[in-house]
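Contents: one structure, followed by commentary.
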Number of protein chains: 2
Amino acid sequence: MLSKNTEQPFGSGTDVMSRTIEPRETYDDRLNHILEAATRVIARDGYEKATMRAVAKAADVSLAGIYHYFESKERLLFLIQFRAFNSLLNNLKEKLYGVEDPVKQLRLMVRSHVSYFAANMPALKVCSHELESLSGPAYEELRHIRHEYYEQTRNIVDRIALKCEPTNKIECHVATMCLFGMLNWLYRWYNPSAGRSPHGLANLISEQFLTGLLGQSGMPNGEEEATDTPS
Amino acid sequence: MLSKNTEQPFGSGTDVMSRTIEPRETYDDRLNHILEAATRVIARDGYEKATMRAVAKAADVSLAGIYHYFESKERLLFLIQFRAFNSLLNNLKEKLYGVEDPVKQLRLMVRSHVSYFAANMPALKVCSHELESLSGPAYEELRHIRHEYYEQTRNIVDRIALKCEPTNKIECHVATMCLFGMLNWLYRWYNPSAGRSPHGLANLISEQFLTGLLGQSGMPNGEEEATDTPS
DNA sequence: GATATTCGATCGAACGTACGTTCGGATATA
DNA sequence: TATATCCGAACGTACGTTCGATCGAATATC
């Protein structure tokens, strides 16, 4: 029912054409192998501190051998982030397909994100932490995918807000960024192999967020100055 | 009423002793000047990518001149984080003093944090983004302060949870980390000089969090499996 | 079928550079 | 003279990347 690469960012990336006879299992497998090693090293050390020599050792290839598959260190980082964001986005669209209720959609979005995180911690850590490590066209291309992921989520939040009384003006951008804050901060503290299941955590986050969003009515904001938002 | 260094992390840090005659206004001012420049550069480029030469240029001193005030690049990062975390913690304790209601305390905590962020964006970005750039004793010392900040907040969350029906088992650690996620992610998107006031944003975050925490009652969790937390 | 040729995959070794840090001296203040 | 402040110049190193060669298997030639 679901396509196979739902939770693996390293499944058959660029199309391999014009190859008369299939090379058994070599080029793409080798490329993915190195990319996975690089993901672990960059997640562990950070992009700038991670060295190509460390990646080579982790992938068990020579230093020069890496450059047969990747033209530069920047290209490595780009591919890691590009594939992870694409998987994240495709997973989301797949899960949302056919569901209409925005509240259910939000629960699915959070569950999808947390599950993907649990299955690909190094990749998502690199995505969360190295957002500004690239520049130029590569950065712009990643920003475009990220924006699409944001738009998908923002759209859900917007439709949830519509279900509330229109008198209750919800700040959807702020709410969406709060949600992304909760999710993108996971890599700092959540260890899926330490007991709590991804689905359990996803439920907690969903309820925390949804109740906070929907329940804003009484506004028990009793404080000194409630002055604000002079924009 | 409030002490003077409430919102400035660079106010007279380590004690300067054994100075028979006061050097007018030189050593500490100069040190702070370089430290502020370093904060801006590291916030902009990231710790590993930021060079001592760039710090020197930003502070308008020579490269070697920096080493008259700081023994190493690591020491620079340590001091930036140490001072910011201490200011954050002292601000919090000051604001909470005399307040008993944990809900009010949480609102004050969020407001204090967001205000500090708005007034010291580079420093807090360095605190949020470079949490793992140090190691050894320096890292441990910072971890200790951070843990104290966490404990203060966690304590508030615990007492809010107690006010709910005890039947409503709130996961306080998860809730606290969600809150820190929202706050620590601010540096990725919030620009205080682009319209929205820190107090306004703090109110939105407080309500989002508090309502989400307190309002969890009906648990409209209607989904397939509500299995979880097998720990 | 045997030999020659091509080509992708791989590696050891090196290149050039940019970095953190240090050194010795210069300048100014007391 | 003694000391604090500051700097130009250099040192040693570690990094990303490149080069040239080797190996082996597929392909072409006879």
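Just so it is clear, the structure is predicted and the values come from calculations on it, not from any experiment. Below, read A as the first sequence line, B as the second, and so on, with proteins coming before strands; counting in each chain starts at 1.
Sorted by first and then second residue, the side-chain hydrogen bond (donor to acceptor under 3.5 Å, both in side chains) pairs involving residues 40-49 of chain B (not counting sequence neighbours) form an empty list.
Residue A/Cys127 holds its SG atom at 11.5 Å from OH of A/Tyr187, rounded to the nearest 0.5 Å.
A/Asp28 has its CG atom 16 Å from the P atom of C/dG8, to the nearest Å. The distance from atom CD1 of A/Ile34 to atom C1' of C/dT10 is 10 Å, rounded to the nearest whole Å. Residue A/Tyr69 contributes atom OH, which lies 18 Å from atom P of D/dT18 at whole-angstrom precision. In this structure, A/His33 atom NE2 and C/dT10 atom P are separated by 10 Å, rounded to whole Å. We find that CG of B/Leu31 is positioned 15 Å from C1' of D/dA4, with the value rounded to whole Å.
For A/Glu132, the salt bridge (charged side-chain N to carboxylate O under 4.0 Å, His left out) partners at least two apart in sequence or on another chain are B/Lys125, B/Arg188. The side chain to side chain donor-acceptor pair (under 3.5 Å) test applied to B/Ser133 returns B/Glu130, not counting sequence neighbours. Not counting sequence neighbours, the partners of B/Asp158 by the salt bridge (charged side-chain N to carboxylate O under 4.0 Å, His left out) test are B/Arg154. In this structure B/His173 satisfies the ring pair (Phe, Tyr, Trp, His ring centres under 6.0 Å) test together with A/Trp189, B/Tyr150, sequence neighbours excluded. Considering only residues two or more places apart in sequence or on other chains, B/Glu71 meets the salt bridge (charged side-chain N to carboxylate O under 4.0 Å, His left out) condition with none of them. In terms of the salt bridge (charged side-chain N to carboxylate O under 4.0 Å, His left out) criterion, B/Lys57 has no residue partners (sequence neighbours excluded). Contacts of A/Tyr69 classified as ring pair (Phe, Tyr, Trp, His ring centres under 6.0 Å), with partners at least two apart in sequence or in another chain: A/Tyr27. In this structure A/His33 satisfies the ring pair (Phe, Tyr, Trp, His ring centres under 6.0 Å) test with no other residue, sequence neighbours excluded.
A/Phe70 comes within 4.0 angstrom of no nucleic acid atom, judged by non-hydrogen atoms across all strands.
A salt bridge is defined here as a Lys NZ or Arg NE, NH1 or NH2 lying under 4.0 Å from an Asp or Glu carboxylate O, and B/Glu148 with B/Lys93 meets this definition.
Contacts between residues 55-62 of chain B and DNA chain D, defined by a heavy-atom separation below 4.0 Å, involve B/Val61, B/Ser62, listed by number. If you check residues 133-141 of chain B against DNA chain D, you find no residue with a heavy atom closer than 4.0 Å.
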Give me, pair by pair, the N or O atoms of the protein and of nucleotides 20-27 of chain C that are less than 3.5 Å apart, along with how far apart they are.
from   : atom 1 : to      : atom 2 : distance (Å)
C/dG20 : OP1    : B/Ala50 : O      : 3.3
C/dG20 : OP1    : B/Lys73 : NZ     : 3.0
C/dG20 : OP2    : B/Met52 : N      : 2.9
C/dG20 : N7     : B/Arg53 : NH1    : 2.9
C/dG20 : O6     : B/Arg53 : NH2    : 3.1
C/dT21 : OP2    : B/Tyr67 : OH     : 2.8
C/dT21 : OP2    : B/Lys73 : N      : 2.9

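The shortest distance between the side-chain N/O atoms of B/His68 and the OP1/OP2 oxygens of D/dC6 is not below 4.0 Å.
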